[in-house]
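Read the structure below first, then the notes.
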Amino acid sequence: MTGDLAGRWAGTVVPSWLYRWLLPVVWLGAIVASVAGDTGRCSVEDPTVCGPDRTFSLAMIACFASLVLLWWRPMVAAASGVLFMVLDLRYDDIASARIGWTVYGVLCAVLLMWDFTSRRRQRSLAARMPRQQVQVPAAASIGVTSRLLVAGGLVLVGAAALGLMHWQDQREETHVRRAVEQTAVVTGMTDDGDLVLQLPDGRSHTVTVLDDYETGAQVPVLVDPADPDWLRLRAELADNTYWYTVAGGAWVLALLFLLRDIQLRRARPRRFWNGQAMPVRIEPDASSAFAVRSADGAVLLGFLETDLDDEESDLRLFDAFTALDEDEGAAPARLKREWAETLKRYRGDALLVGDLAEGSWPTLVLGDQVLRPVSPFRAPRRVPWSTESTQGLPEPHPDTSTPSESTVDPAREVPTLPWEVPLQTRAWWNLPAFIAVLVVAPVAVGTFASWGEWFAAFMATAVGAQLVHSLGSRALFRVTATATDLWIRTGWFERRLSWRSVESVEVEEDGLSLEAGDDWHVVGGIAEKELANIAAVFETLRLRSRTGLPVEPAARRPSPVLLINAVYVAVCVLILALTRWNPF
């Protein structure tokens with residue numbers, strides 16, 4: 001697919017801002033219209049106004065699905081929006097709500113039709129391209145996927161929700177059978193908005209209500225003689241039907257995960273199969289997917305997330321993708337070169353086998369490598385002022401980086417061991433701030449707790465713990481070299497790296513990198529003027545350790561920062577407990 005045909009294909013894509021941004025705003029507007037137009041009062045004659053209403057709870061499954069699924073399965077969300085519009089027109093008598101949900105449902109119907117015609121047009125345009133017959137090898141067995149596990153968990157969640165609702169309903173029915181009707185008088189409202197009622201026997205009872213009641217109003221209530229703490233307003237009986245929404249929503253999600261898993265398995269048949277292939281160009285993208293372009297590379301068609309049958313190659317590709325999506329600053333230069341070389345091997349002309357349309361599950365063939373889909377093909381996201389572009393590798397350029405072999409010369413003299421490596425000068429305020437947090441934070445926790453501000457007390461505990469960890473990691477950071485090991489204290493732990501396991505020492509822009517087997521250990525925070533000297537000392541210690549003894553794996557032990565953090569948290573918890581049970 002090249003030139004004008006590729007441009008026409010890209011022009012058929014439904015702009016994602018319609019269902020990712022516009023429809024959620026309209027959904028929220030419909031909710032506001034429903035709430036604002038609901039002027040009905042709770043009624044004894046019709047308890048469903050403020051009490052149990054199973055139809056409403058079941059309809060809310062479609063309502064919430066029409067919003068929650070817009071960013072994941074927009075077509076399912078649009079279909080749910082149309083369904084909820086029909087249900088609202090059938091059962092809702094609030095005029096503003098009917099108008100709001102009609103507008104939303106019509107937009108969802110338009111989106112459904114637009115998407116259907118768009119995908120038909122995409123397949124039609126792709127069918128005009130010349131194709132070639134290719135044979136795709138059988139895919140490896142998939143086994144139990146995370147989608148199936150999530151679906152199973154959601155089925156259990158739905159069943160547990162219904163079981164909990166049944167238990168609550170049984171308890172409520174027991175109370176209602178024993179209850180007698182009385183008339184209570186409204187005496188006021190609490191600061192939390194609860195209603196204070198006075199019963200005929202003089203007792204006061206506080207209850208949470210939905211409707212508004214004036215002071216002095218007489219309200220019919222149900223009271224259980226066997227349980228003085230139980231009370232229900234006749235017009236506002238207990239409503240546990242929201243568990244239908246929870247259970248139904250969980251089962252709908254489970255079904256969608258199951259269908260997605262079935263699509264994955266159908267796209268990866270466990271037998272050799274022949275397919276019609278279309279030339280495209282691919283390149284790795286920071287989204288952990290492959291950007292698929294037209295054969296001439298001029299038009300970005302979309303993104304496809306794939307994996308390889310070879311687990312070792314797939315793991316290397318995954319690590320390289322992760323490097324694209326994260327900050328590489330702390331990675332050694334040699335490792336960066338390996339990532340770049342890995343990604344370059346999966347960039348260039350390829351064959352796309354299957355449908356080229358949004359929601360399809362095509363396979364990519366690159367030389368002798370088969371890239372099998374793990375999610376549907378998607379077109380670039382669009383907003384009115386921009387369109388999603390690729391964020392992958394730059395254009396190839398000559399490799400002028402330093403060779404992979406270490407160029408560090410060993411030092412003639414080694415400092416007295418153990419040797420604390422000279423580090424950059426820390427900010428003058430780091431240690432005082434660390435000590436101040438250790439003193440001030442527990443005082444703040446105790447003050448908030450004594451005032452009854454428990455949320456603030458818990459937040460002070462959490463924020464203080466984070467500050468202790470952050471400031472302590474900087475203030476107590478150490479790098480110590482011995483004749484046999486290198487100790488690096490960072491955060492809660494100290495890493496021990498045996499010199500016998502170090503294969504090379506390299507000077508990086510902001511530190512030293514030590515290669516130990518398949519692992520890299522970056523030592524940062526070293527004074528820049530000392531980098532060369534420290535690298536030479538490390539090289540000498542590494543060479544002296546070559547005694548032929550077995551290589552020891554890297555290990556770690558708790559650092560003082562972890563102990564201080566644990567003591568801080570224990571003190572704060574003790575303060576909270578003492579304040580709770582023995583308030584000042």
Side-chain angles (χ1 to χ4, degrees), residues 322-323 326-337 339 401-402 406-411 413-438 465-499 501-517 519-542 545 553-565 568:
T322 304
E326 296 180 355
D327 181 16
E328 303 178 19
R334 186 186 301 180
L335 196 55
K336 295 178 185 177
R337 291 194 296 270
W339 287 336
S401 58
T402 59
S406 174
T407 58
V408 176
D409 295 326
E413 297 182 2
V414 174
T416 302
L417 301 177
W419 175 50
E420 189 172 303
V421 176
L423 304 174
Q424 295 176 355
T425 304
R426 302 181 182 88
W428 65 267
W429 50 265
N430 195 277
L431 185 58
F434 176 55
I435 298 174
V437 170
L438 290 175
Q466 183 60 38
L467 289 175
V468 169
H469 173 259
S470 178
L471 295 173
S473 298
R474 294 185 179 92
L476 303 180
F477 175 62
R478 298 287 187 277
V479 179
T480 306
T482 68
T484 58
D485 305 302
L486 178 68
W487 290 91
I488 307 171
R489 181 192 296 170
T490 55
W492 285 344
F493 297 97
E494 285 185 295
R495 285 180 293 159
R496 181 183 68 83
L497 184 63
S498 172
W499 289 119
S501 65
V502 178
E503 299 176 4
S504 67
V505 179
E506 293 190 13
V507 179
E508 302 287 347
E509 295 180 359
D510 53 356
L512 300 177
S513 65
L514 285 68
E515 181 182 4
D519 296 327
W520 293 87
H521 302 269
V522 179
V523 183
I526 299 175
E528 185 176 355
K529 62 180 181 180
E530 298 286 346
L531 270 176
N533 178 52
I534 294 172
V537 173
F538 282 8
E539 181 69 10
T540 300
L541 295 174
R542 183 185 73 84
S545 68
R556 65 179 184 175
R557 67 184 182 188
S559 77
V561 179
L562 178 59
L563 176 61
I564 295 173
N565 233 147
Y568 164 81

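A distance of 8.5 Å separates CZ of Arg495 from CG of Leu486, quoted to the nearest 0.5 Å. The CZ atom of Arg478 sits 14.5 Å away from atom CD1 of Ile488, with the distance rounded to the nearest 0.5 Å. Between the CG atom in Leu531 and the NZ atom in Lys529 there is a gap of 12.0 Å [rounded to 0.5 Å]. Glu494 contributes atom CD, which lies 12.0 Å from atom CG of Asp485 (distance to the nearest 0.5 angstrom). Interatomic distance, CD of Gln424 versus CZ of Phe477, reported as 9.0 Å (0.5 Å rounding). If you take CZ on Phe493 and OG on Ser559, they are separated by 8.0 Å, rounding to the nearest 0.5 Å.
The shortest side-chain heavy-atom distance between Leu563 and Pro558 does not fall under the 4.5 Å cut-off. With contacts defined as side-chain heavy-atom distances shorter than 4.5 Å, the pair Ile526/Leu512 qualifies. Trp487 places a side-chain heavy atom less than 4.5 Å from the side chain of Arg557. Annotation: side chain of Leu541 is in contact with side chain of Leu417 (closest heavy-atom distance under 4.5 Å). Within the 4.5 Å cutoff, side-chain heavy atoms of Ile564 are placed close to those of Phe434.
A donor-acceptor contact shorter than 3.5 Å links the side chain of Trp499 to the backbone of Thr482.
Counting non-hydrogen atoms of other residues, nucleotides and ligands closer than 6.0 Å to CH2 of Trp419 gives a total above 12. At most 12 heavy atoms of other shown residues, nucleotides or ligands fall within 6.0 angstrom of atom CZ in Arg556.
For the residue pair Ala411 and Thr540, the shortest heavy atom distance occurs at N-OG1, 2.7 Å. Between Thr480 and Pro418, the closest heavy-atom pair is CG2-CB, 4.1 Å. Here the shortest heavy-atom pairing between Ser473 and Gly491 reads OG-CA, 3.2 Å. Among all heavy-atom pairs drawn from Ala475 and Leu431, the shortest one is CB-CD1, 4.2 Å. Counting all heavy atoms, side chain and backbone alike, Arg542 lies closest to Val505 at CD-CG2, 4.3 Å. Asn430 and Leu471 get closest at one heavy-atom pair: OD1-O, 3.3 Å.
With sequence neighbours left out, Thr484 forms a side chain to side chain donor-acceptor pair (under 3.5 Å) with no residue at all.
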Exercise for review: List the steps and the verdict of side-chain contact (heavy atoms from CB on, under 4.5 Å) for Val479 and Ile534.
Suggested key: CA-CA 11 Å; Val479 179; Ile534 294 172; over 6 Å; no

